[in-house]
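To start, the structure itself, in structure tokens.
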Amino acid sequence: MWPHRLRHGIPMLPLALLMACGAPGHAARQEQQPHRAPAAAPEPAIVSRQAWHADEHDVREKPVYTGPVEVVFIHHTDNANDYDCKRDVPAMLRAIQEQHIDGDGWDDMGYNFLVDRCGTIYEGRAGGVGKPVRGAHTEGFNTHSVGIAAIGHFEKGQPVPRPMLEAIAAIAAWKLPPDVDPRGRVRLVSHNDASRYPKGTAVEMNVISGHRDAYETDCPGDALYGKLPWLRRRAAQLRHAAAKPPPLHHGGG
């Protein structure tokens, strides 16, 4: 979730509201070997941390890799929706990274990816966009998952921009392994009593789920949560299109 007041002059929420969508939890201190699963769809264009000037000196620990992705959690940042994508978003990203590290005590940005209303995808937590980096986005279920945050406020009645939805679907189609159906369900085990489920509880969730499915929160907002069935179908369509053989071209005689 996104605060109403930022330290860089952009309005942010009070910390109490931030925690409603935030996900506490430090990455494990022991660095593990990365595992790169084969992509099921092409990698979308992603703006790097270097490009939005992430504060690498403030990052507390090295990234941790957790193995193949089994589930995608969708969030919203809860800031106003009328930002300028080119002018405002880089400063907003730096502010959310600062809040996650200095305010929440996390190692780095909690989300793996963030998407603005224009459909631009940004690298969140460091460690390599093509690797299964453990984030701090969904309490109890950060392992084997990807957290995608939609930059904006998407409670009931708020429109969710189509470019944003397309970008989220593209990330999910790319990050999920080929044998994981974006429209399917997956069995997960909670690793933290602070989640919606006590530690050790096995639960079944949609492969593409909302933050509220795993944590007591309204995130990602009713409007965006209502788009999850569309995101599942769209991610599956993108993978199906990627699996099609290229058309044959016959030369003229």
Side-chain angles (χ1 to χ4, degrees), residues 1-2 19-25 37 40-41 44 66-78 109-115 121 124-125 129 132-156 158 160 164-239:
M1 187 170 277
W2 182 259
M19 295 307 294
C21 195
T66 66
V69 174
E70 298 176 352
V71 61
V72 175
F73 288 109
I74 308 301
H75 303 253
H76 71 172
T77 60
D78 207 26
M109 172 87 78
Y111 309 119
N112 298 104
F113 300 94
L114 300 95
V115 179
I121 303 169
R125 176 162 289 224
V129 295
V133 180
R134 184 182 189 271
H137 48 83
T138 307
E139 184 71 74
F141 298 95
N142 287 313
T143 301
H144 298 282
S145 68
V146 166
I148 305 173
I151 302 174
H153 178 78
F154 301 106
E155 297 299 341
K156 187 175 182 179
Q158 294 287 341
V160 186
M164 173 179 277
L165 291 171
E166 290 284 357
I168 294 172
I171 300 171
W174 168 57
K175 289 295 291 184
L176 289 168
D179 60 341
V180 178
D181 187 348
R183 300 162 298 182
R185 293 179 66 81
V186 62
R187 183 180 179 275
L188 305 171
V189 177
S190 174
H191 295 284
N192 195 306
D193 286 332
S195 77
R196 185 179 285 273
Y197 305 94
K199 181 178 180 180
T201 303
V203 296
E204 190 175 86
M205 293 186 190
N206 289 300
V207 168
I208 299 180
S209 288
H211 186 193
R212 65 176 64 175
D213 294 322
Y215 190 74
E216 292 288 351
T217 177
D218 292 333
C219 185
D222 289 346
L224 182 51
Y225 192 80
K227 294 294 184 181
L228 295 187
W230 184 93
L231 287 171
R232 296 170 191 130
R233 294 192 300 270
R234 183 58 178 151
Q237 290 171 355
L238 291 172
R239 291 159 68 105

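- A pairwise comparison of heavy atoms in Y215 and S195 identifies CD1-CA, 4.1 Å as the closest pair.
- Nearest heavy-atom pair across W174 and A41 is CD1-O, 3.2 Å.
- Judged by distance alone, with hydrogens and angles left aside, the side-chain atoms of R232 form a donor-acceptor pair with the main-chain N or O of I208 at under 3.5 Å.
- Taking both residues in full, the closest heavy atoms of K199 and D193 are given as N-OD1, 2.6 Å, listed atom of the first, atom of the second, then distance.
- Distance check: D213 CG to Y197 OH gives 7.0 Å after rounding to the nearest 0.5 Å.
- One finds the CG atom of L228 at 9.0 Å from the CD1 atom of I168 (value rounded to the nearest 0.5 Å).
- Taking CD of E155 as the start and CG of L224 as the end, the distance is 10.0 Å to the nearest 0.5 Å.
- Put simply, the side chain of N112 reaches to within 4.5 Å of the side chain of V133, judged on heavy atoms.
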Practice task
Kindly indicate, with the supporting measurements, whether the criterion side chain to side chain contact (heavy atoms under 4.5 Å, CB included) is fulfilled by V69 and V180.
Solution key: CA-CA 9 Å; V69 174; V180 178; over 6 Å; no
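- Minimum interatomic distance between V207 and D181 (heavy atoms only, all atoms of both residues): CG2-O, 3.4 Å.
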Go through it in stages, so that I can follow the logic: the residues are M109 and L114, the test is side chain to side chain contact (heavy atoms under 4.5 Å, CB included), and I'd like the CA-CA distance, side-chain angles, deciding distance and then a yes or no. CA-CA 10 Å; M109 172 87 78; L114 300 95; 4.0 Å; yes
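- Rounded to the nearest 0.5 Å, atoms CD (E139) and CD (E216) are 12.5 Å apart.
- Of the possible polar contacts, none joining the S209 side chain to the F73 backbone as a donor-acceptor pair under 3.5 Å is found.
- Of all the heavy atoms in H191 and V189, the pair that sits closest is CD2-O, 3.3 Å.
- Distance check: H144 NE2 to R134 CZ gives 10.0 Å after rounding to the nearest 0.5 Å.
- Shortest non-hydrogen contact noted between H137 and N142 is N-OD1, 2.9 Å.
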request  = Please lay out, stage by stage, how R239 and L176 fare under the test side chain to side chain contact (heavy atoms under 4.5 Å, CB included).
outcome  = CA-CA 10 Å; R239 291 159 68 105; L176 289 168; 3.4 Å; yes
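- Applying the side chain to side chain donor-acceptor pair (under 3.5 Å) criterion to R233, with sequence neighbours excluded, gives no partner residue.
- Test D78, D222, V160 against F154 for side-chain contact (heavy atoms from CB on, under 4.5 Å) and you get one pass: V160.
- In this structure a side-chain-to-backbone donor-acceptor pair under 3.5 Å is missing from H211 to D218.
- Counting heavy-atom neighbours within 6.0 Å of R185 CZ, excluding the residue itself, gives a total above 12.
- Between the side chain of H76 and the backbone N or O of H153 there is no donor-acceptor pair closer than 3.5 Å.
- No side-chain N or O of H75 forms a donor-acceptor pair with one of T217 less than 3.5 Å apart.
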Side chain to side chain contact (heavy atoms under 4.5 Å, CB included) assessment of V71 paired with F141: CA-CA 9 Å; V71 61; F141 298 95; 5.7 Å; no
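- For the pair R196 (side chain) and R212 (backbone), a donor-acceptor distance under 3.5 Å is present.
- Rounded to the nearest 0.5 angstrom, T138 OG1 and N192 CG are separated by 12.0 Å.
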